[in-house]
Amino acid sequence: VYAEIKRSSDESKSIWAVSKDILEITNADPLHWGITTFINKPLYSIDEFSVTFRRDGNNTSETRLEKINSEWTFAHPFNAQANKEKVLFFLNSLLSEKIKGFVNSPNEENSTITEDSWEVRISVKSMGVNEQIYLSSSSNDDKSARTAKSSGSSTVFTVNEDFVTKLTDL
């Protein structure tokens with residue numbers, strides 16, 4: 001395998017023989033070298049989170065929990081104390097959820113997701129910073145996955161449909 005090397009300092013070009021391993025590195029799937037979780041927060045740093053489902057236009061259903069003095073409470077749609085162990089178990093499964101893949105082409109169905117086109121929104125407040133994760137509706141081609149996007153990144157990725165089932169259990 002040969003590679004053309006161009007140095008900007010002297011604008012010269014040269015051709016070098018390089019190892020075939022360079023092809024494996026440059027063509028590697030991002031799942032092999034990237035961070036495979038999409039909520040990268042320490043478990044005990046989360047102070048508030050919510051899950052909102054949107055159906056039939058703008059009809060929404062939100063469940064929000066807040067941590068007040070190390071105790072978890074439901075803040076919406078009602079006010080009540082929550083089971084701390086169950087909340088921590090849910091948060092741990094949320095933080096452990098893996099990315100299934102990435103949208104490779106802007107032409108793929110559901111390759112873009114905006115703050116207006118989501119079906120499920122997850123909001124996580126940690127260390128004073130609020131992050132939103134938007135999930136689209138499942139596509140016609142692949143009912144086993146959904147596209148998603150974090151408010152902190154422009155990368156569109158896919159998650160398993162089973163993840164949405166976990167969210168409905170909240």
Side-chain angles (χ1 to χ4, degrees), residues 29-68 70-127 129-170:
D29 187 341
L31 286 177
H32 294 294
W33 51 265
I35 297 172
T36 58
T37 56
F38 55 92
I39 301 176
N40 298 304
K41 311 277 185 215
L43 175 63
Y44 289 99
S45 74
I46 297 174
D47 300 316
E48 181 180 323
F49 72 95
S50 67
V51 177
T52 307
F53 291 90
R54 181 165 63 184
R55 306 263 189 238
D56 303 325
N58 286 328
N59 295 332
T60 60
S61 169
E62 178 185 32
T63 302
R64 186 179 58 206
L65 286 91
E66 297 175 351
K67 183 169 55 174
I68 302 170
S70 299
E71 295 296 322
W72 284 99
T73 59
F74 285 93
H76 192 270
F78 55 88
N79 293 320
Q81 184 128 6
N83 182 314
K84 184 177 181 177
E85 287 77 28
K86 288 185 178 183
V87 171
L88 290 175
F89 180 76
F90 175 81
L91 284 174
N92 189 49
S93 69
L94 186 68
L95 296 174
S96 302
E97 189 64 34
K98 302 284 187 209
I99 292 172
K100 181 178 180 180
F102 294 95
V103 175
N104 296 322
S105 168
N107 297 328
E108 289 183 39
E109 183 180 348
N110 289 334
S111 63
T112 60
I113 183 168
T114 64
E115 294 181 18
D116 298 328
S117 65
W118 58 271
E119 187 173 283
V120 180
R121 180 182 64 207
I122 305 163
S123 178
V124 178
K125 184 176 182 181
S126 172
M127 298 181 278
V129 177
N130 201 4
E131 181 178 358
Q132 314 281 333
I133 293 92
Y134 301 98
L135 284 78
S136 69
S137 56
S138 55
S139 74
N140 295 333
D141 295 338
D142 187 3
K143 296 284 186 197
S144 67
R146 290 182 185 232
T147 55
K149 180 185 174 301
S150 169
S151 62
S153 172
S154 61
T155 304
V156 178
F157 54 93
T158 58
V159 294
N160 284 319
E161 181 66 28
D162 297 342
F163 174 63
V164 176
T165 305
K166 283 186 205 176
L167 296 176
T168 59
D169 293 340
L170 177 59

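Quick caveat, the model's predicted, so the values are computed rather than measured.
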I'd like to check the side-chain contact (heavy atoms from CB on, under 4.5 Å) partners of [X]; sequence neighbours left out, ordered by chain and number.
X	answer
Asn79	none
Ile68	Glu66, Thr73
Glu71	Gln81
Ser123	Ser50, Asn130, Gln132

Test of understanding: with side-chain hydrogen bond (donor to acceptor under 3.5 Å, both in side chains), list the residues that count as partners of [X], not counting sequence neighbours.
X	result
Ser93	none
Asn40	Thr37
Ser153	Thr155
Lys41	Glu131

**OP:** Name all pairs fulfilling the ring-ring contact (aromatic ring centres under 6.0 Å, His included) condition that reach into residues 146-170, sequence neighbours left out, sorted by first residue then second.
**Re:** Phe38-Phe157, Phe38-Phe163
**OP:** Could you note down all residue pairs passing ring-ring contact (aromatic ring centres under 6.0 Å, His included) where residues 79-99 supplies at least one of them, sequence neighbours left out?
**Re:** Phe49-Phe90
Roughly how far, to the nearest 0.5 Å, is [atom2] of [Y] from [atom1] of [X]?
X	Y	atom1	atom2	value
Thr60	Phe53	OG1	CZ	11.5 Å
Tyr134	Ser150	OH	OG	9.0 Å
Leu135	Arg121	CG	CZ	12.0 Å
Thr36	Lys98	OG1	NZ	3.5 Å
Leu43	Ser126	CG	OG	10.0 Å
Leu65	His76	CG	NE2	12.0 Å

Subject >> Partner set under ring pair (Phe, Tyr, Trp, His ring centres under 6.0 Å) for Phe74, not counting sequence neighbours >> reply: Phe78
**OP:** List the steps, then state whether side-chain contact (heavy atoms from CB on, under 4.5 Å) holds for Leu94 with Leu167.
**Re:** CA-CA 8 Å; Leu94 186 68; Leu167 296 176; 4.0 Å; yes
Subject >> Contact summary for Lys149 and Ser154, nearest pair of heavy atoms >> reply: CE-CA, 4.0 Å
Original post:
Can you tell me if Thr147 and Ser136 form a side-chain donor-acceptor pair at under 3.5 Å?
Top reply: yes
Original post:
Which side-chain hydrogen bond (donor to acceptor under 3.5 Å, both in side chains) pairs, counting each pair once, include a residue from residues 156-166, with sequence neighbours left out?
Top reply: Glu97-Lys166, Arg146-Glu161
